[in-house]
Amino acid sequence: MVQLTATPLSALVDEPVHIQITGLSPFQVVTLQASLKDEKENMFYSHAYYRANKVGKVDLEYDSALGGDYVGVHPMGLFWSLKPKKLLTRLLKKDVMNSPFRVQIKLCDLQSPLRNQDTSTSMVSVTLERWYVAPGVTRIPVEEGRLRGALFLPSGEGPFPGVIDLFGGIGGLSEHRSSLLASRGFASLALAYWGYKDLPSQLQKLDLEYFEEASNFLLRHPKVFGQGIGVISTSKGAEIGLSMAIYLKQVTATILINGPNSPYGIPYVYRGYTHQSIPYSLQFLSTNALGFIEFQGIYEKIGVEASQSLFPIEKAHGHFLFIVGEDDKSINSKEHAKKAIEKLRRHGKKNWTLLSYPGAGHLIEPPYSPLCWASKMPNACTPISWGGEVIAHAAAQEHSWKEIQKFLRKHLIPVVTSQL
Amino acid sequence: MFQLTATPPNGLADEPVHIRVTGLPPAQMVTLKASLKDEKGNLFQSKAFYRANEAGEVDLERAPALGGDYVGVHAMGLFWSLKPEKAFRRLLKRDVINNPFKVTLDLYDSVCLQDSTTAQPRASQMVQRWFLGPGVQRKQIREGRVRGALFIPPGEGPFPGIIDLFGSIGGLVEFRASLLATHGFAVLALAYFAYEDLPDKLLELDLEYFEEAANFLLAHPKIQRPGIGVISVSKGAEIGLAMACYLKQVVATVCISGSNAILEIPLRYRDLLVTPMRFDWECIQIHVSGAVRLRSGNRDSRNEMNQQSVLPVEKAQGCILFIVGENDECLNTRAYAEQAMDQLKSHGRSSGKMLVYPGAGHLIEPPYAPLCFASWSPALPRPVLWGGDPVAHAAAQEHSWREIQKFFRQHFSGTGSKL
C-alpha cells in the first residue's frame, strides 16, 4: 500500500518538512507534484521525479530528484521551486495572521512533465499548512502620528529585541517577514513608507524623520529592549536602512539585503538638511533574452559629484550585515557592498559582516520561498528580471535567515553581566 | 530639425538596413524604438539608447548603443532584438506573398523607458521587410501526397532544387524557402504534418513521403537534375539527415540544430524501420522561467544502447553541412553533429562539414530574425527553452546564412547540368 507522509503537517513557513514515500515497487519512478493557490487564486506548481530504492521507498532527505523543477538531494525542493502558472506572478502572503498557505503534495505515476498540471491523476496526496505566524504572536496595526505599518510581538512578557522591517520598490506594506521574525522572538515593525493608506502614492523624497519617528516608537514600546533597535531592509529599503544606520543613533544593528551604497533617484531630507541623490542612468538599462528588464546598469556613477555621493557609512555606530545575491540582475549588489565595506575599512572600522551568495538573486526572502526570478511590477509595462538560480538561491535563503537571527540577537539583546 | 532615415525603406528581410539620425543637439541622448505587429496582432518591440556625436548624428553603423535591448555597435540590433509583448511568442511570417513585416522606427529625444502613449516620437520611419524578391513565383503544391509551396526564381532556369523542412511547429512555414528562392534556388517548403490532409500529429516519419517530394522536384522542368538539396532545422534536420542517408536523389543537405539519431518516433523507409532513441523524460528539467529544457533529457547517441537509432551518415552520397549552436537548450546538437562527423571520417568520407556557433541557440534562422529564447510549442502545455545569447545568436544567423548559400552554390555549380 503506497503511503505518502510529510511531517510536520502544520508548521511555520521557515521550518523544513520531511517527505517520505513507502509501499512502491522496487525502483519505481514516480512524480511528486506540489501545488499552492495564493490569496488571489493564482496557482503555483512544482514537480520532481524520484526513483524508489529496492524496498520501494523514497525519502527526500536522502534521495536525489532525477529531474523536474530541481535535481539532486533537496528535501524542500518542491517548496522553493514552485512556479506560477500565470508567468511572472510573485508569491506573497498578504494576510499573515488568519490563514496559512496550503501546499498539496501529490504522488503520481511517472508522467510527462508536460501533462496538464491541473488535472494530473494522483495515487495519494497530503496537504500541508505553512504559516507565517506562530501561535501567540500578536499583530498591532500602527497608526501613530505619521507612522503606518504593523507591529508584530512575540508571545510572552518580553522585552524583545526590536527590528524595523523595510521592503523596497514594491511599496505598500509587506508583513510576511515581520510576522516570521516575531515568531522567532523579535518585536518586528513592518513599516510602510509609500503607496499605503495616506502615505504618499509616489516616492518623491525620503524624510528620515519619518524613520526616526518609527525608531523612537519602537524603542519606547514596553516590550522592546530600550538600548537600540535593528533594521532589516531589502533593495530600496536597504538604501533607507543604510541612511538610518548612519544618521539615527537609535539604530544599532542593520541588515542590508541587495541595496545600494549611495542615495539614488530621490533626495533624503533630515532636520533641514537635504542629501542630494545620484540620478539613475537609465540609458544603461539592459534586457535579458526574454526581454525582461535588468536594472543593474542604472546605478552607474557618472561625474565627480556622483562618485563622491557614497553615504558616509563610517559615521554609523552600529553593526552591519551585508547580504548579497551575486546573480542579482536589478542592482550590482556585490559591487555596492564591496565599495561600502572598502569605505569602512579605510576608516579603520570593523563593524561589518558580508554574506555573499553565488547564484542568489535580488529577492532573498525567508527560507523555502519560491525563487521569484522575474515579475511584473505595478508601474512597469515590461517585466523585471531579479535574477537568481533556483538551487543556489534556495540555499542562500536558508543560510541567511539563520545568520540574520544570530546577528540581530547578538547586537540587540543586551549582555547581562553578573553583579558578582 | 530631427531626421530619421532608414535605407532601404523597402527591402528583403535578410538584407541590412542603414539607420541614421541627424539634426540632433550635440551629445543628445536619444531612444530609438522599433515595433512590429505580426499577422495575429502580437506586438514585438525593441529599443536602444544612443548619444549623438558632436555633429548631432547617430549612425547605427558606427555608434554604440549604451543600453536597452542591446549594447554596442549593432547596425541591425533593433531588428534582431525585437521581443514579444507577451512572453514566449515567436515571430514568424506566414503570408510571404501579399505583404511584408512593417517595422516602425521611432526616435525620442530622451531616454524613454515606458512603452507609453504619453511620450511622442520626434521622428518616425516605417521599414518594410519582404520575404520574397521581385519575380519570384509561389505555387501551392498538391501533387500526390506532397503538400507545400514551391518558390521559383524569375528566369528560364533550370535552378538547383531544394526542399525546406521545419520542425515540430508543424504546418507549413514558408519564409525561409521564399528568401532562399530570392537568392536563385527553386525551393519547396514542404509540410509533413498538421497541414491540410496530412496527419494531425507526427506519429512516425515516412521517408517515402519525402522521396515523393524529392522526385516531384526533380521532375519539374525548371529544376536541375540529377539531384536536389535539403535545408532543414530541428526535427526537420533529423528528417533531412535521413533523406541524405537513404535517398540518392539528395546531393546536398544542410542540417541546422538537428539530431544524428531518430528521436521519439520511428522512421520508416520501404522495409526499413529505425527505432527511435527516446528522451529521458524523468531527467527533463524546468528552467527558472518555467520553460522546459528538453536538452536535460537528451540521451547520448554514442551509447551502444542507442546505436540502432543513429543514422548511417556514411551511406549519404552527397555533402552534408551541420550547423549547430552551442547554447542550444533543446538538443545537444554539437555532440550529435560531432558524432556524425566522426562517423563520416571513420568511413573515409570527407563529405561532411560542421559550423559551430558559440552562444547561438536552437532556432538559427535567416539573418535579423529576432532570437526566440523560449516559446510555446504546439505539442506541449509549457513553453520550450530554445536558448541562445542574443548578440552571438544574431551573428550566427548572419554568418550561417551566407555559408548555407555558398554551400549550395558550391555543390550545385559543380554537379548541376544546365540541360
Side-chain angles (χ1 to χ4, degrees), chain A residues 29-31 45-51 65-71 81 83-88 110-118 280-294 296-298 300 361 371-374 376 379-383 385 387-391 393, chain B residues 29-31 44-51 65-71 81-88 110-116 279-293 296-297 327 361 370-374 377 379-384 386-390 393:
Chain A
V29 179
V30 291
T31 309
Y45 295 100
S46 63
H47 71 276
Y49 308 106
Y50 286 91
R51 178 174 281 116
L66 306 168
D69 281 289
Y70 59 96
V71 284
S81 70
K83 297 194 175 62
K85 180 172 182 186
K86 187 170 142 210
L87 302 159
L88 307 167
L110 172 66
Q111 58 186 351
S112 161
L114 318 167
R115 211 64 84 73
N116 191 343
Q117 296 152 125
D118 299 321
Y280 293 114
S281 298
L282 296 174
Q283 67 271 28
F284 297 126
L285 193 121
S286 59
T287 62
N288 70 6
L290 282 170
F292 303 157
I293 297 179
E294 296 175 342
Q296 321 183 48
I298 69 176
E300 190 74 19
L371 166 64
C372 182
W373 176 75
K376 276 216 158 126
N379 297 329
C381 308
T382 317
S385 167
E389 295 158 23
V390 184
I391 296 177
H393 192 92
Chain B
M29 289 293 311
V30 296
T31 304
F44 290 76
Q45 295 175 303
S46 63
K47 61 175 164 292
F49 309 116
Y50 287 90
R51 186 185 294 283
L66 303 171
D69 283 296
Y70 59 95
V71 172
S81 71
L82 282 166
K83 310 250 171 28
E85 193 185 25
K86 292 193 192 128
F88 307 120
S110 63
V111 176
C112 185
L113 272 201
Q114 297 285 59
D115 324 304
S116 69
F279 281 109
D280 277 324
W281 289 101
E282 70 269 15
C283 294
I284 286 181
Q285 292 171 32
I286 308 293
H287 181 255
V288 67
S289 65
V292 178
R293 188 178 179 265
S296 43
N327 285 28
L371 165 66
C372 185
F373 184 76
S377 192
L380 310 170
R382 294 210 207 203
V384 174
W386 308 117
D389 161 72
H393 192 92

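All values reported here derive from a predicted model rather than from experimental measurement. Throughout, protein chains are lettered first and strands after them, A, B, ... in sequence-line order, and every chain is numbered starting at 1.
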ask   = Is it the side chain or the backbone of Thr31(B) that comes within 4.5 Å of chain A heavy atoms, both, or neither?
value = neither
message = Please rank Glu85(B), His287(B), His393(B) by heavy-atom pairs under 4.5 Å with chain A and give me the top one.
response = His287(B)
request  = Check each atom of Leu282(A) against the heavy atoms of chain B and say whether the ones under 4.5 Å are side chain, backbone, both or neither.
outcome  = both
Side-chain heavy-atom pair Ile286(B), His47(A) within 4.5 angstrom cut-off = yes
query = In Å and rounded to the nearest 0.5 Å, what is the NZ to CG distance from Lys83(B) to Asn288(A)?
reply = 7.5 Å
message = Just verifying a value: how many Å separate Leu66(A) CG and Gln285(B) CD, rounded to the nearest 0.5 Å?
response = 10.5 Å
message = If I compare all heavy atoms of Trp281(B) with all of Tyr49(A), which pair ends up nearest, and what's the gap?
response = O-CE1, 3.6 Å
ask   = Given a strict heavy-atom distance threshold of 4.5 Å, which part of Ala289(A) is in contact with chain B: side chain, backbone, both, or neither?
value = both
ask   = Tell me, side chain or backbone of Arg293(B) under 4.5 Å from chain A's heavy atoms, or both, or neither?
value = neither
message = Rounded to the nearest 0.5 Å, what separates atom OG in Ser281(A) from atom CE in Met29(B)?
response = 9.0 Å
task = For residues Ser289(B) and Leu290(A), report the shortest heavy-atom separation together with the two atoms involved.
result = CB-CD1, 4.0 Å
task = Can you spot which of Thr382(A), Leu285(A), Ile293(A) makes a side chain to side chain contact (heavy atoms under 4.5 Å, CB included) with Leu113(B)?
result = Leu285(A)
request  = Under 4.5 Å, counting heavy-atom pairs only, tell me which of Gly68(B), Ala48(B), Pro390(B), Ser110(B) racks up the most with chain A.
outcome  = Gly68(B)
task = Please state whether the side chain, the backbone, both or neither of Leu371(A) comes within less than 4.5 Å of a heavy atom of chain B.
result = side chain
note = Ranking Leu66(B), Leu371(B), Val288(B), Val111(B) by heavy-atom pairs under 4.5 Å to chain A gives rank one to Val288(B)
message = Quick check: closest heavy atoms across Glu282(B) and Arg51(A), and the distance to 0.1 Å?
response = OE2-NH2, 3.9 Å
query = If you count heavy-atom pairs under 4.5 Å between each of Tyr70(B), Phe279(B), Phe88(B) and chain A, which one has the most?
reply = Phe88(B)
